[in-house]
Amino acid sequence: MALNIVGAGFGRTGTLSLKLALEKLGFGRSYHMLDVYKHPDHAALWSAGVEGKAIDWEALLSDYSAVVDWPGCYFWRELSNTYPMAKVILTVRDSEKWYKSMYETIYQSMQTAQKSGDKTVDNPIAAMAKKIIMTQTFDGRFEEKAYSISVYERHNEEVQRTISKEKLLVYDISQGWEPLCHFLRKPVPDVPFPKTNLRETFHRRLGRSSSLFSQ
C-alpha cells in the first residue's frame, strides 16, 4: 500500500482527530504514536532513523496509507521525498495553546515516568519518544517556553517553505471537514468531525497516575 498522506504537524495539534478523520474518509489505516504501542518492535526502527540509519519505509508502513503525529512527523521530509505523490497535511494551532497542551500532557507524562523511578532505557518506546521529541526536536529545552514555541513555529514555516502549495494543506482541525475534504477531493461526511484526544480525554485514557511512556 502506497502512502497517500504525510502528516507533518507536531503532536497536540489534533493529530489523533486527523487520523480518525482520514480513516472515516476511506484512506485506510493511519499510523500514529498509538500504533507504536501495537507494534513495540517499531520503536527500534524509529530510533535507528534518528541516528541516521536508513528506514525501510515500505516495510514499516506497508499496512498504512497515512502517517500522522510523532514519530512520523519528525521524518516529514524523508517521507515526502520517498512518496512524492503523497499529499502533506500540516496540522496547526495557536502557539500558546499548543505549548500549554504539550506541557500538560506529553511532557508531564514523561516527567511522571522519571519521577516514579521508571527507567526509560528499559522501555524502547519510551526511549524512542524521549529521543525524538524531547532531545532531537526540542534539544532538551522543552521547559523553556519561548524556545519550544520557536521550534514549533520554525518547523511549521519550514514545512510551508518546502512543500509545494498544491500538495500542502495547512489545517486547523477546528475548521472541520470542509477544508480537509476539499483538499483530498472527498465528499463531506454527514457525521460530526471526530474531535478527540482533548486534554481531559488524554488523562482519562492514561489515568492521572499513569504515564504514556511507562506503559
Side-chain angles (χ1 to χ4, degrees), residues 1-39 42 45-46 55-94 97-98 101-102 105-106 132 152 155-156 158-202 204-205 212:
M1 181 183 297
L3 203 70
N4 294 313
I5 296 167
V6 174
F10 279 1
R12 307 311 300 171
T13 60
T15 53
L16 183 55
S17 293
L18 177 61
K19 166 187 167 70
L20 298 176
L22 292 174
E23 292 172 354
K24 182 65 179 178
L25 291 174
F27 280 94
R29 299 168 64 192
S30 296
Y31 196 103
H32 182 279
M33 177 66 85
L34 294 177
D35 289 87
V36 184
Y37 287 96
K38 299 175 185 177
H39 305 282
H42 288 187
L45 301 176
W46 292 110
I55 295 179
D56 184 345
W57 298 113
E58 296 289 342
L60 178 61
L61 302 172
S62 61
D63 294 330
Y64 298 87
S65 63
V67 58
V68 301
D69 198 63
W70 280 301
C73 68
Y74 181 83
F75 297 92
W76 65 272
R77 193 187 300 274
E78 292 90 336
L79 286 167
S80 60
N81 288 336
T82 301
Y83 299 94
M85 300 304 293
K87 293 188 174 182
V88 178
I89 299 176
L90 176 65
T91 43
V92 297
R93 68 188 296 190
D94 174 81
K97 292 179 180 179
W98 165 80
S101 180
M102 272 287 297
T105 55
I106 294 174
I132 288 179
Y152 168 71
H155 169 82
N156 292 343
E158 180 66 15
V159 173
Q160 292 178 71
R161 282 196 302 269
T162 304
I163 304 300
S164 61
K165 290 183 178 180
E166 63 271 15
K167 286 180 54 179
L168 175 67
L169 173 66
V170 180
Y171 181 52
D172 186 324
I173 64 163
S174 67
Q175 297 172 302
W177 286 116
E178 283 74 12
L180 181 65
C181 292
H182 177 76
F183 178 66
L184 298 174
R185 299 182 181 179
K186 292 284 188 177
V188 176
D190 189 22
V191 295
F193 188 85
K195 293 182 180 179
T196 187
N197 207 23
L198 300 173
R199 200 167 306 137
E200 295 79 9
T201 308
F202 182 98
R204 281 201 304 271
R205 188 177 71 245
L212 174 63

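Because the structure is a prediction, the values reported are computed rather than measured.
- In plain terms, the two heavy atoms of Ser80 and Ile163 that are nearest each other are OG-CD1, 3.9 Å.
- The environment of NE2 in His182 is sparse: at most 12 heavy-atom neighbours from other residues, nucleotides or ligands sit within 6.0 Å.
- Listed by first and then second residue, the salt bridge (charged side-chain N to carboxylate O under 4.0 Å, His left out) pairs involving residues 70-83 are Arg77-Glu158 (not counting sequence neighbours).
- In this structure, Ser30 OG and Leu18 CG are separated by 7.0 Å, a value rounded to the nearest 0.5 Å.
- Side-chain contact, Tyr31 with Asp63: no donor N or O sits under 3.5 Å from an acceptor N or O.
- Distance check, rounded to the nearest 0.5 Å: CG of Asn81 to CH2 of Trp76 gives 8.5 Å.
- Summarising the geometry, atom CH2 belonging to Trp98 is positioned 6.5 Å from atom CZ belonging to Phe10; distances are rounded to the nearest 0.5 Å.
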_Working note: Ser101 + Arg93, criterion side-chain contact (heavy atoms from CB on, under 4.5 Å); need CA distance, chi angles, decisive distance, verdict._
CA-CA 11 Å; Ser101 180; Arg93 68 188 296 190; 3.4 Å; yes
*Show your reasoning for whether side-chain contact (heavy atoms from CB on, under 4.5 Å) applies to Glu178 and Phe193.*
CA-CA 10 Å; Glu178 283 74 12; Phe193 188 85; over 6 Å; no
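- Counting heavy atoms from C-beta outward, Leu79 and Val67 have side chains that approach closer than 4.5 Å.
- Taking 4.5 Å as the limit, some side-chain heavy atom of Pro179 sits within range of a side-chain heavy atom of Tyr171.
- Sorted by first and then second residue, the salt bridge (charged side-chain N to carboxylate O under 4.0 Å, His left out) pairs with a member in residues 163-175 form an empty list; sequence neighbours excluded.
- Ion pairing between a basic and an acidic side chain is recognised when a charged N comes within 4.0 Å of a carboxylate O; Asp69 and Arg12 show no such pairing.
- Summarising the geometry, atom CG belonging to Leu16 is positioned 4.5 Å from atom NE2 belonging to His32; distances are rounded to the nearest 0.5 Å.
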_Step-by-step side-chain contact (heavy atoms from CB on, under 4.5 Å) determination, Phe183 to Val170_ = CA-CA 10 Å; Phe183 178 66; Val170 180; over 6 Å; no
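- A distance of 8.0 Å separates OG1 of Thr13 from CD1 of Ile173, quoted to the nearest 0.5 Å.
- Applying the 6.0 Å contact sphere to CZ of Arg185 captures no more than 12 heavy atoms from other residues, nucleotides or ligands.
- Between Leu184 and Leu22, some side-chain heavy-atom pair lies under the 4.5 Å cut-off.
- Within the 4.5 Å cutoff, no side-chain heavy atoms of Val6 are placed close to those of Ile89.
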*Test side-chain contact (heavy atoms from CB on, under 4.5 Å) on Ile5 and Leu3 and set out the steps.*
CA-CA 6 Å; Ile5 296 167; Leu3 203 70; over 6 Å; no
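- Put simply, the side chain of Leu169 does not reach to within 4.5 Å of the side chain of Leu90, judged on heavy atoms.
- Trp177 pairs with exactly one of Pro187, Pro192, Pro194 by the side chain to side chain contact (heavy atoms under 4.5 Å, CB included) rule, that one being Pro194.
- In this structure the side chain of Leu25 reaches within 4.5 angstrom of the side chain of Leu180, judged on heavy atoms.
- One finds the CE atom of Met33 at 8.5 Å from the SG atom of Cys73 (value rounded to the nearest 0.5 Å).
- Screening Ile132, Leu45, Asp35 for a side chain to side chain contact (heavy atoms under 4.5 Å, CB included) involving Pro71 leaves a single residue, Ile132.
- The six-membered or imidazole ring of Trp57 lies near that of Phe75, with a centre-to-centre distance under 6.0 Å.
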